[in-house]
Amino acid sequence: MSIGVRRQIERFPTKTVLTGFLAGAGFAILCALGVASIASHAAAQGCAQCYQAAAASGVAGRAALRHGIFILLVPAISLFCAILSLIYRRRNPARPAVSRFP
Amino acid sequence: MLASTIAESIGRSGGANGECFGRGGGGGPKYPTPQRVYVTGMLIALGGILMFFSAFVSAWVVRRGLPNTDWQPIPLPHILWLNTVLLAASGMTLAYSRRCLLMGREADHRHWWDLTAILGIGFLAGQLVAWRQMVAEGLFLATTPGASFFYVFTAAHALHVLGGIAALLVLTFRLPRRLTPETASYVVALYWHFLTALWLLILAVFLLGG
């Protein structure tokens, strides 16, 4: 193994990269859950027909719709938080690269 | 060849100083595009795929939860377990292949890389067998809503796996021009591990939800 390759591996050990990735993903999911928890009372019933259909679907139907909306909300907010985090980390182009790749 | 190229790229960029990986140092810009661009692009693509499958899962939850519907649980083919093992094993071989690449063990890297592609093809073949078993049991695309979702989920995932296999094979036979081998393998590994996690999620949905 050449010295350059060995130093490259030492600079970017797999565990460090994985830990950073998992920490970022965990932060994004936590932010998503936090935002989703306060969004339950959002007045999103703009369409009267949709509102009537949801109201007529019964308790189980409304619960299914709530769960469906929540499932859509979590990854969307996670992506928003992840992109926001990415922009913040790379806010200064003159700063030395902190990522694995320049 | 891959290992020598990565060693060359590190050497050219002054890897000992940690200045710049793959951007060219004294020998001119061999890779003019910053390598992290490709990683960022792949992460954004993975975000899109995640939303795509989230929409499916959301539709599945709503359809299953609506009262007075014809929803029936479907019996999952047993071969899905074998397929899961194959996909998980391919993730491990890919990780080991990347490690070999970074350590400069070219022959091992190629061996494990090829094995990853073969395991991926095995996974796809297993999915075909699973569909045939479903058909043999009389569960077609339009038989029940559960069967429809099963076919849509597995087919969409299989198409993405097919893309991953194509990427694996392309890198087997041809070196990328704008990416360092390390970046290329990292981007492919990101995609492949994501697909593995996605498959586990899909399997959990069908196991827990019926």
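For the numbers below, each heavy atom of this structure counts, side chains included, while hydrogens, waters and symmetry mates do not. Chain letters run A, B, ... following the sequence lines, proteins first and then strands; every chain starts at 1. In this text the structure is predicted, and so the values were computed from the model without any measurement.
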Fill in: Contacts of residues 83-95 of chain B with chain A (heavy atom under 4.5 Å)
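Answer by number: none.
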Item to complete: May I ask you to list the residues in residues 47-59 of chain B that approach chain A closer than 4.5 angstrom, counting heavy atoms only, ordered by number?
Response: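 Residues in range: B:G47, B:L50, B:M51, B:S54, B:A55, B:V57, B:S58.
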Discussion item. Quick check: closest heavy atoms across B:V61 and A:G68, and the distance to 0.1 Å?
Written reply: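 Shortest heavy-atom separation between B:V61 and A:G68 comes out as CG1-N, 4.1 Å.
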Fill in: Set of residues satisfying ring-ring contact (aromatic ring centres under 6.0 Å, His included) with respect to B:F123, sequence neighbours excluded
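Residues passing ring-ring contact (aromatic ring centres under 6.0 Å, His included) with B:F123: B:H157, B:W199.
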Worksheet entry | A:A63 portion near chain B, given a 4.5 angstrom heavy-atom threshold |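 Contact with chain B: none, neither part.
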Discussion item. Checking an interface table here. Which of residues 76-85 of chain A come within a heavy-atom distance under 4.5 Å of chain B?
Written reply: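 Counting heavy atoms that sit under 4.5 Å from chain B, the residues of residues 76-85 of chain A involved are A:A76, A:L79.
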Discussion item. For B:V62, run the side-chain contact (heavy atoms from CB on, under 4.5 Å) check against A:I69, A:L65, A:L72, A:I71 and tell me which one passes.
Written reply: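 One option only clears the test, and that one is A:L65.
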